[in-house]
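All values below come from the heavy atoms of this structure, side chains included, with hydrogens, waters and symmetry mates left out. Sequence lines set the chain letters: A, B, ... in the order given, protein chains first and strands last, and positions in each chain run from 1.
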Amino acid sequence: MPFTADVARTIDPQGEPEFRLNRGEGLVTQRDLADALDLLQRSIIKREPTYVTYAIGPWFRENIGASGDADYTTRQIVPTGATTFGSETRSIFASRAGRIMGGHLIPSETRTAGTATLAVLVTYADASTETILLPDCVIDGTNSAGGHHLLPNNQGIAFPAGSFLRPMIRTVSWTPTTCDMAAYLVLSFQDV
Amino acid sequence: MRVEVADWACSWAVNDTNTFSFLVPAEKLNRFGITDYLTKWVFWDHPELGTFGGVITADPVSHGSRSVEIAGEGFTRLLKKRRTPRRYEQETAPPGALAIRAIRDVSGEDYTFIREWYADEDGDPIEYEWRGEDLHSVTSTFASQGNMEFDIDSDRVYQMRTRLGRDISASVQLMEYVNFALDRRARDDTTLINNRLGVSADERFTKQATGLYLDVDSIQRWGTQEDTVAYPGMATGAAILPRVRSDVLALRTPLGAISGTVLNRWGDWSSFREGDSLRFVLPTANAIVRARIMTRAYRGGVLTIAADIEEVL
């Protein structure tokens with residue numbers, strides 16, 4: 001006699017077609033919910049990467065505007081002896097790609113006329129250069145005490161790995177020409 | 001090892017889990033010399049339905065009837081409980097390529113018993129971050145994001161394709177009262193959409209690109225049926241709009257699904273597999289349709305199918 005047993009099946013393959021129709025009519029299984037949540041987590045909600053942002057500097061330049069309207073390079077303080085210091089034109093090296101987020105301009109004297117705008121001289125790995133102006137980091141009639149500006153997170157100006165960076169100060173009819181200025185760069189790198 | 005069993009039941013499904021179940025008298029199992037059946041494989045051959053292969057996942061004993069039910073899933077079970085790598089970077093590639101990458105990485109750690117793997121590597125790329133998740137979960141995610149289908153057959157060959165199966169509606173027909181007994185035709189407006197706003201899923205709300213498509217004929221017949229869907233991996237309106245259009249064209253008519261029993265009158269069981277599109281003549285529903293077989297289920301000499309209607313002919 002063939003073996004038969006009337007037992008409730010743990011897995012019922014014969015119920016699969018009807019189950020398929022029920023799903024088409026709106027039945028949502030736990031598996032469907034898990035897949036939807038996984039899709040939501042992975043791709044629909046795009047995770048913002050973590051950025052590390054910091055200000056580098058200062059660089060200095062004396063007598064801004066003394067040579068007329070120009071891009072004035074800046075210098076860093078370097079020791080020339082145990083207790084003496086000089087200055088040199090130096091750039092910083094970025095081993096990783098990042099973004100220029102803004103900067104600060106700090107004058108030693110109050111502006112009397114014209115503008116001084118922060119720019120960044122970027123020297124790329126192939127030795128080509130580019131001067132990138134940060135027009136919102138400016139000392140002018142509105143911001144006469146100092147310049148400061150930060151760009152939003154996803155609008156920073158990108159630079160590639162292997163670049164050298166140095167602030168420049170662009171003057172237009174700037175006075176007083178005896179003003180000395182300090183400049184900081186704000187850079188951002190994506191956290192690993 | 002060949003075993004005579006009772007009441008074999010199994011199902012094949014597209015983009016879903018194949019299942020099987022059969023009964024064995026408890027005292028008969030002892031003679032096999034194996035007491036632990038979990039994770040062992042089962043193969044079953046039918047001259048017309050083809051071969052079923054799967055992994056035993058349950059062996060509950062019914063004391064009252066002194067029987068053991070051996071049950072399990074198809075070979076997509078080999079994808080489960082295998083961990084993908086953890087990497088702190090996002091990767092962008094077509095879903096098929098990512099799926100192949102996942103299987104290859106996991107196979108490098110320990111053999112998955114998947115003999116071969118193939119995937120269509122076309123389609124829009126998706127972005128993915130490897131977080132050490134389950135391989136089956138990852139594969140399902142790729143398939144759903146990329147509108148693709150995957151399966152592992154009884155030969156343990158993995159495939160992820162834009163479509164599994166073929167359109168054989170020009171050569172294979174199932175006719176009610178001849179070789180097909182219609183059980184149910186399900187049709188409602190759950191999936192009916194004729195006005196869709198597609199938005200970019202990868203951007204914040206204020207920066208989302210959009211694409212809108214509406215089907216006038218469908219609106220005139222069924223009324224306005226609107227929704228909004230976020231599409232991952234599409235950042236511009238030019239990318240979203242064609243996808244919205246193709247989705248609305250597929251959803252603008254409530255087509256429904258059918259289920260029923262296929263009679264093996266002239267060896268009809270051998271003429272199609274899950275994923276194939278057939279022609280159905282349904283006098284009860286007053287319709288001739290092209291429908292795609294999504295599920296085949298067999299038990300006790302009866303083959304039951306569920307099919308999604310693709311077109312009313």
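- Comparing B:A71, B:A13, B:S21, B:P60 by how many heavy-atom pairs each has under 4.5 Å with chain A, the most go to B:S21.
- Counting only residues at least two apart or on different chains, the ring-ring contact (aromatic ring centres under 6.0 Å, His included) pairs with a member in residues 98-127 of chain A are A:H104-A:H148.
- Atom CD of A:E109 and atom CD1 of A:I64 lie 11.5 Å apart (nearest 0.5 Å).
- With a threshold of 4.5 angstrom between heavy atoms, B:F22 approaches chain A through N, CA, C or O but not through any side-chain atom.
- Atom CG in A:N63 sits 8.5 Å away from atom OG in A:S108 (nearest 0.5 Å).
- Among the candidates B:N18, B:T295, B:V302, the residue making the largest number of heavy-atom pairs closer than 4.5 Å to chain A is B:T295.
- Annotation: maximal heavy-atom pairing with chain A below 4.5 Å, among B:A307, B:C10, B:A58, occurs at B:C10.
- Note: B:W44 and B:Y298 meet the aromatic proximity criterion, with ring centroids under 6.0 Å apart.
- Of the atoms belonging to B:T304, heavy atoms from both backbone and side chain fall under 4.5 Å from chain A.
- Annotation: ring-ring contact (aromatic ring centres under 6.0 Å, His included) contacts of B:F52 (sequence neighbours excluded): B:W8, B:W12, B:F20.
- When heavy atoms are compared at a cutoff of 4.5 Å, B:D189 does not approach chain A at all.
- Contact annotation for B:I258: only backbone heavy atoms (N, CA, C, O) come within less than 4.5 Å of a heavy atom of chain A.
- B:M148 approaches B:N15 most closely through the heavy-atom pair O-ND2, 3.1 Å.
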